[in-house]
Amino acid sequence: MLVRDHIADRLREAAAQAQRDGTLPPFDLPASGLVERPQKAEHGDFASGLPLRAAKAARRSPMEIASALANAIAPDGDGGPVGEVYAAPPGFVNFRLSAGWLRGQARAIREAGAAFGDVDAGAGRRVQVEFVSVNPTGPVHVGHARGAVLGSALARTLAAAGFEVTREYYVNDAGAQMDLFYRSVFARYAQALGKEAPLPEDGYRGAYLTELGAELAERHGSRYLEADEAKAKAELGEEALNRMLDVIRADLDSIGVEFDVWFRERDLYADGRYEETMAFLRERGHTSRRDGAEWFASSALGDEKDNVIVRGTGAPTYFASDIAYHRDKFGRRGFDRVINVWGADHQGHVPRMKAVMRALELDPDRLTILIAQLVTLKDGEDIVRASKRTGRIITLGGLVDEVGADACRFFFLARAAESQMEFDLELAKKQSADNPVYYVQYAHARIAGILRQAAERGAVWDDADAALLTDDAELALIRKMLQLPEVVDSIAVTLAPHALPHYAVELATAFHWFYDHCRVLSSDPADAELTKARLLLTDAARIALSRALGLMGMSAPEAM
RNA sequence: GCCCCAGUAGCUCAGGUGGAUAGAGCGGCUGCCUUCUAAGCAGCGGGCCACAGGUUCGAAUCCUGUCUGGGGCGCCA
């Protein structure tokens with residue numbers, strides 16, 4: 001259980017007790033937000049503003065209530081987290097963690113090891129995080145980097161929070177876009193064989209397709225020029241698609257983004273799931289025919305307007321398969337919850353997906369769509385918006401090559417998804433040493449250095465006496481480490497992983513401060529026990545810091 | 001025109017389900033390496049939290065309006 005929740009429970013008990021014995025009149029307690037982290041350390045480790053809120057209903061002054069509550073809560077001593085409890089004007093109940101208990105947490109963290117930071121907020125519920133899902137018609141470019149990093153860090157954190165997480169990439173391998181891609185590939189393929197073959201109007205013009213065409217020409221010769229069109233499309237198209245997916249996978253891999261499932265849109269059509277969903281909608285009157293097309297009546301379910309699902313030509317729109325896809329997520333796939341990470345250019349589709357949920361008779365709250373605002377890329381004076389429509393494409397792989405995967409991840413993660421962000425390439429490259437990412441990683445490298453030298457000296461700290469950890473810097477470090485589970489728990493609610501990099505910086509600061517104040521390794525025999533205790537603490541810090549870095553998908557370097 | 005997101009220090013951004021004196025990094029200025037990595041530490045300076053109202057014991061935080069910036073409003077995806 002989180003320390004915060006333990007303290008909230010103690011406060012609730014105290015309030016109930018005081019109300020039973022008449023010390024305090026009856027008043028309602030808020031369901032959440034009972035206990036918070038005060039901004040100032042002098043206000044304790046935790047604080048509750050309950051008395052201020054309850055004063056009116058209780059018809060007592062906030063300070064009277066605060067005193068009554070504080071008096072009703074007995075400290076835990078060294079065995080539990082609750083140390084000093086006191087009332088503070090204008091009406092707070094402040095809690096200070098027990099120093100004895102705090103010291104013991106150094107060992108507890110070390111024993112938790114890689115599981116430190118885990119919480120059980122998810123209780124094993126199944127959640128799918130679908131992200132990136134770029135059309136497989138070209139390489140991943142920078143515009144997708146933010147969503148990629150956001151989704152992967154969120155998935156990692158939700159797993160730590162006790163959810164069973166599936167990371168999924170939706171491969172749009174059906175539809176008009178794919179057809180255009182295939183015709184573009186075929187043109188490049190034919191051109192590579194010296195044939196006059198114009199690229200389709202609005203075809204894909206990237207150099208990568210010229211290369212792919214040449215590659216296919218080399219491998220297959222002119223075989224597909226003569227072949228039956230359908231056969232050529234099926235075989236050459238599939239090969240081209242798989243090559244693109246390889247490129248995409250490699251790009252994403254370079255920034256540490258991986259998926260459990262690569263879901264093929266085509267499969268929805270192949271085995272009848274698409275038709276089933278359409279039948280479901282039609283039976284319930286959610287569709288109508290107008291102007292030769294079939295429409296989904298989303299306006300009746302909260303959207304601004306209706307949307308076409310089957311064109312006049314008879315071809316389904318992307319939206320139609322998306323409906324079938326989402327029905328599949330909750331139905332056949334059985335996810336309790338689905339999180340889609342989309343770019344700002346898709347925000348208009350949120351209301352219609354919510355309408356889809358209602359039409360499918362699913363609770364709309366089970367689907368969360370996170371919208372990441374667009375990134376402005378700055379390269380010195382040049383500003384280039386990282387949107388799909390921009391002519392200047394910078395690939396994700398190129399960005400990683402220039403800036404490095406860790407720095408990229410940290411930069412993208414440090415900003416709240418709903419904030420637009422500026423990514424200065426020049427700065428990221430030039431001042432990489434000043435980047436906070438190195439500040440955090442440097443703390444880990446320092447820890448690794450100490451532990452390495454300790455091991456060389458044959459030091460063992462399993463039997464360390466944590467009671468020797470009495471310095472302010474030591475206790476501050478333990479306090480900061482203990483916040484990690486709270487951060488994980490909170491991200492499970494807010495779905496905002498940008499708390500991670502901010503926490504990581506604070507944790508690194510706490511360690512650097514400890515490093516400066518407290519010498520760990522000492523050759524003086526008189527310090528033997530203290531050295532052991534500090535090695536235990538340093539080891540715990542290694543665990544907390546590497547976990548924080550791991551949740552962000554960043555490396556924890558042994559040396560820098 | 002309608003809808004979504006944002007506006008906090010010179011710059012980039014946290015804080016936002018209301019709480020105590022609004023924070024960090026970068027940049028600027030001062031100090032600190034005989035001992036575990038100075039990619040570090042300590043300190044100084046820097047704010048009408050866009051603006052105007054409202055709710056409240058209390059507003060950067062919630063509500064309304066205005067302004068500014070970004071995005072969206074296709075039988076594209």
Side-chain angles (χ1 to χ4, degrees), chain A residues 30-33 36 38-40 42-43 47-49 52-53 55-56 62 88-92 94 133-135 137 172 175-178 180 202 290-295 304-305 307-319 321-322 343-351 371-374 376 378 385 387-388 411 414-424 427 431-443 445-454 493-494 498-499 501-502 505-506 508-509 511-513 515-523 531 534-535 538 559-560:
Chain A
S32 64
E36 61 190 12
Q39 283 185 8
K40 303 280 173 189
E42 69 213 55
H43 296 136
S48 177
L52 290 160
R53 285 190 260 175
K56 187 176 273 179
F92 290 96
N94 292 347
S133 299
V134 180
N135 278 335
T137 53
N172 294 112
Q177 199 89 358
M178 218 45 227
L180 184 62
D202 301 326
R290 200 187 319 150
D291 306 328
E294 184 170 12
W295 298 69
E304 284 181 347
K305 56 178 183 55
N307 295 278
V308 171
I309 47 175
V310 183
R311 299 181 180 89
T313 62
T317 61
Y318 143 92
F319 180 45
S321 49
D322 222 21
D345 51 346
H346 284 65
Q347 44 155 282
H349 302 168
V350 175
I371 298 294
Q373 294 299 317
L374 296 189
T376 303
K378 216 174 78 178
R385 194 150 300 116
S387 103
K388 223 182 224 171
F411 258 66
R415 308 304 182 221
E418 63 270 21
S419 292
Q420 282 174 242
M421 65 168 287
E422 193 167 278
F423 196 116
D424 191 332
L427 200 73
Q431 299 195 318
S432 55
D434 294 325
N435 193 303
V437 65
Y438 296 95
Y439 177 84
V440 174
Q441 290 182 320
Y442 184 53
R446 275 180 152 179
I447 290 170
I450 293 172
L451 296 179
R452 197 163 45 236
Q453 288 178 49
V493 175
T494 60
H498 71 272
H502 292 280
V505 168
E506 291 173 9
T509 298
F511 178 77
H512 286 309
W513 196 52
Y515 182 94
D516 242 59
H517 281 70
C518 305
R519 171 91 198 171
V520 177
L521 298 175
S522 169
S523 36
T531 289
R534 287 180 171 170
L535 280 169
T538 302
M560 283 174 73

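In what follows, chains are A, B, ... by sequence order, proteins preceding strands, each numbered from 1. Atoms considered below: every heavy atom in the structure, side chains included; atoms not considered: hydrogens, waters and symmetry mates.
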Taken in chain and number order and not counting sequence neighbours, the residues that satisfy salt bridge (Lys or Arg N to Asp or Glu O under 4.0 Å) with Glu506(A) are Lys480(A)
Whichever of Thr317(A) and Arg452(A) has the more 5' nearest nucleotide on RNA chain B, that residue is Arg452(A)
Closest to the 5' end of RNA chain B, once His349(A) and Tyr515(A) are matched to their nearest nucleotides, is Tyr515(A)
Look only at the side chain of Thr531(A) and the backbone of Val520(A), and say whether a donor-acceptor pair between them is shorter than 3.5 Å.
-> yes
- Task: Please check if the side chain of Asn435(A) supplies one atom and the backbone of Val437(A) the other of a donor-acceptor pair under 3.5 Å.
- Result: yes
In whole Å, what separates the P atom of rG16(B) from that of rC62(B)? 10 Å
Would you tabulate the pairs of protein nitrogen or oxygen atoms and nucleotide nitrogen or oxygen atoms of nucleotides 2-6 of chain B closer than 3.5 angstrom?
from	atom 1	to	atom 2	distance (Å)
rC3(B)	O4'	Glu304(A)	OE2	3.1
rC4(B)	O2	Gln347(A)	OE1	3.4
rC4(B)	O2	Gln347(A)	NE2	3.1
rC5(B)	O2'	Glu418(A)	O	2.2

From the options [options], select the nucleotide whose nearest atom is closest to the side chain of [X].
X	options	result
Tyr442(A)	rC76(B), rC75(B), rU37(B)	rU37(B)
Arg415(A)	rA39(B), rA14(B), rC41(B)	rA14(B)
Arg311(A)	rG74(B), rC75(B), rG40(B)	rC75(B)
Glu422(A)	rU56(B), rU12(B), rA77(B)	rU12(B)
Lys56(A)	rC73(B), rC57(B), rU35(B)	rC57(B)

Between the protein and nucleotides 47-49 of chain B, list every N/O to N/O distance that falls short of 3.5 Å.
none

Rounded to whole Å, the CD1-C1' distance (Ile450(A) to rU35(B)) equals 12 Å
To the nearest angstrom, the CG-P distance between Asn135(A) and rA77(B) comes to 9 Å
Assigned chi class of rC11(B) under the 90° convention is anti
Sorted by chain and number, sequence neighbours left out, side-chain contact (heavy atoms from CB on, under 4.5 Å) with Ala445(A) holds for Met560(A)
In 5'-to-3' order, the base (B), backbone-only (S) or no-contact (-) status of each nucleotide in nucleotides 16-21 of chain B, using a 4.0 angstrom heavy-atom cut-off, is ---BBB
Describe the nucleic acid contact of [X] in one word from base, sugar-phosphate, nothing, applying a heavy-atom distance below 4.0 Å.
X	answer
Gly312(A)	base
His498(A)	sugar-phosphate
Ala315(A)	nothing

Any stem touching RNA chain B, meaning at least three consecutive Watson-Crick or G-U pairs under 3.5 Å, ordered by first number, would be B:1-7 with B:67-73, B:10-13 with B:23-26, B:28-32 with B:40-44, B:50-54 with B:62-66
